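Encoded as structure tokens, the structure appears first; notes follow it.
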Amino acid sequence: MRELLRENIATLKPYSCARNDFTGEADVYLDANENWQDFVGKVDANRYPDPLASQVRKALDEVLGLPFEQTLIGNGSDELIDNLFRCFCRPGKDSVLLMPPTYGAYRVFADINDIKVHTVPLKSDFQLDLPALTSFLMQEKQTRTAESRLKLLFVCSPNNPSGNAFPLSEVKTICSLFDGIVVVDEAYFDFSDQASAISLLGEFSNLVVLRTLSKCWALASARVGVAIASNEIIAIIRSMKYPYNVGGPSQNLALKALGQAEAVKKGLALIKEERKRLAVMLRELSCVQQVYSSDANFFLVRVSDAAAIYHYLLGKGIIVRNRSKEMHCENCLRITVGSREENAALVAALKEYEHA
Ligand SMILES: *Cc1c(COP(=O)(O)O)cnc(C)c1O
């Protein structure tokens, strides 16, 4: 791990905030220059939050089985992705490997951090191209220098925008092929029947799994993401993250949602049911050429004319995403599974488009 790190992170003396220095319960808090008055009530916004979000992590352990010692909460998984770049990749020197089409944030954070992006595209059916990946990684190993090295590899499973999850056996193969950090983004894990990469953590100290409460747990605005990794990697990110990266109200919302696990489970079943219904309805439409099977809460849909249909739906007040510019996604829209009414409105509008 040490040889992968940025030098300045390896030698960092972490900032220690008031809520790091004192973590117990007390009657009088005069250590953090807070206002004892709370003008907004209920949400506990006047006090600085727990920097380690321990209650949330305890709930994540109890409800989702994410091991308490090996989790770290981020301001959305987006913050965790940025932190990984800032821990491991030296700007202007190191590189990262992406497998497009995939989540756009990886490239944006790489660009912001001045990290070079290599790509090994998915196959046109959106499956992993393991032979191409293997030869790229072998080539990189032979040509790397002290000044430039591939540090991170992102696997998004289920993948955004294609919606498919990769077999765990293939994720495992990637972990053993690559001697840098493998980041498996499981933002849509809840919607999938594929096993989690968390089961590989004992075997691979170079693995980071990302989860989020933004999707299945319906807390996109609270900004709560989770990294699960070896104690060593968790300690590294902990040392450099913003001390109060996730606000108290957000931590409270996360606790509240995790306390409603039964309701969320029912909500998940409803989404899966709608996913099934929506796929059937979309496949009956003549403007739809292909609905890719989905392990997530959205579909990638190949249509006759993505730009025209996008604008037609827009005119009807229905917003989808046009992914046509992504690799292998010519004339593809990405459509989130909505409520029964929302899906009905979508399908009705598409039928109108066909008759227009
Ligand atoms: C939505 C999404 C996330 C979630 O990001 P947050 O910052 O946690 O809201 C992460 N990865 C992928 C692939 C996503 O689609």
Side-chain angles (χ1 to χ4, degrees), residues 53 56-57 60 64 66 71-86 96-110 112-113 117 119 122 126 128 152-166 171 174 181-192 194 196-198 207-229 237 241-242 245-247 249-251 253-254 257-258 264 268 271 275 292 294-300 319-323 326-327 329 332-338:
V56 175
R57 288 165 48 229
L60 286 168
L64 296 178
L66 309 183
T71 52
L72 183 136
I73 309 300
N75 198 280
S77 16
D78 285 350
E79 183 197 20
L80 299 167
I81 295 165
D82 188 48
N83 283 346
L84 287 166
F85 281 115
R86 292 165 62 215
V96 57
L97 179 65
L98 305 181
M99 298 185 282
T102 193
Y103 187 42
Y106 309 142
R107 180 179 284 276
V108 174
F109 288 125
I112 290 170
N113 285 292
V117 174
T119 58
L122 298 176
F126 304 115
L128 293 167
L152 301 179
L153 187 165
F154 282 87
V155 183
C156 187
S157 180
N159 186 45
N160 180 358
S162 53
N164 58 309
F166 303 118
V171 174
I174 294 174
I181 307 290
V182 177
V183 185
V184 180
D185 185 344
E186 295 188 337
Y188 299 98
F189 166 76
D190 311 75
F191 306 104
S192 167
Q194 192 59 245
S196 170
I198 284 173
L207 171 64
V208 178
V209 181
L210 299 179
R211 294 277 186 88
T212 180
L213 298 188
S214 291
K215 308 282 156 64
C216 176
W217 293 82
L219 282 187
S221 186
R223 314 305 303 129
V224 181
V226 191
I228 310 101
I237 306 175
K241 77 174 184 70
Y242 286 173
N245 58 327
V246 181
S250 292
Q251 293 189 30
L253 287 170
L258 290 163
V264 173
L268 173 62
I271 293 171
R275 178 173 71 185
Y292 288 92
S294 172
D295 300 302
N297 65 337
F298 59 84
F299 284 107
L300 189 70
I319 317 300
V320 298
R321 291 209 74 183
N322 187 353
R323 300 283 79 184
E326 304 295 315
M327 181 162 300
C329 295
C332 283
L333 301 173
R334 196 194 69 193
I335 303 178
T336 305
V337 177

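Remember, it's 1-based here, ligands and their atoms both numbered in the order they're listed. What you see is a predicted model, and the numbers here were worked out from it, not measured in a lab. We count residues from 1, following the sequence as given.
- When atom types are taken as modelled, the side chain of Asn113 and the backbone of Arg86 share no donor-acceptor pair closer than 3.5 angstrom.
- Counting the atoms of ligand 1 from 1 in the order shown, those under 4.0 Å from a heavy atom of Cys156 are 13 (C).
- Counting heavy atoms under 4.0 Å from ligand 1, residue Ser77 touches it through both backbone and side chain.
- Per-residue contacts place Ala187 under 4.0 angstrom from the following atoms of ligand 1 (heavy atoms of the residue considered): 2 (C), 3 (C), 10 (C), 11 (N), 12 (C), 14 (C).
- In terms of protein heavy atoms, atom 15 (O) of ligand 1 is closest to Tyr188 OH, 2.7 Å.
- A ring-centre distance under 6.0 Å is not found for Phe85 and Phe109.
- Only the side chain of Lys215 comes within 4.0 Å of ligand 1, judged by heavy-atom distances.
- Numbered from 1 in the order shown, with element, the atoms of ligand 1 that lie under 4.0 Å from a heavy atom of Asp78 read 5 (O), 7 (O).
- Remark: ligand 1 atoms within the under-4.0 Å shell around heavy atoms of Arg223 are 6 (P), 7 (O), 9 (O).
- For ligand 1 and Ser214, the ligand atoms under 4.0 Å from any heavy atom of the residue are 6 (P), 8 (O), 9 (O).
- Annotation: Asn75 places no N or O atom under 3.5 Å from an N or O atom of ligand 1; distance criterion only.
- Atoms of ligand 1 found under 4.0 Å from any heavy atom of Gly76 (numbered from 1 in listed order, with element): 6 (P), 7 (O), 8 (O).
- Looking only at distances, no side-chain donor or acceptor of Thr212 sits under 3.5 Å from a matching main-chain atom of Gly225.
- Without hydrogens or angle criteria, Thr336 side chain to Gly338 main chain gives no donor-acceptor distance under 3.5 Å.
- Here Tyr188 and Phe298 bring their ring centres to under 6.0 angstrom of each other.
- For the residues Asp185, Asn160, Val224, the heavy atom positioned nearest atom 12 (C) of ligand 1 is part of Asp185.
- Taking the six-membered ring where the residue is Trp, Tyr292 and Phe126 present perpendicular rings, their angle passing 60° and hence far from 30°.
- At distances below 3.5 Å, at least one donor-acceptor pair connects side-chain atoms of Arg57 with backbone N or O atoms of Thr71.
- Put simply, the side chain of Arg275 does not reach to within 4.5 Å of the side chain of Asn297, judged on heavy atoms.
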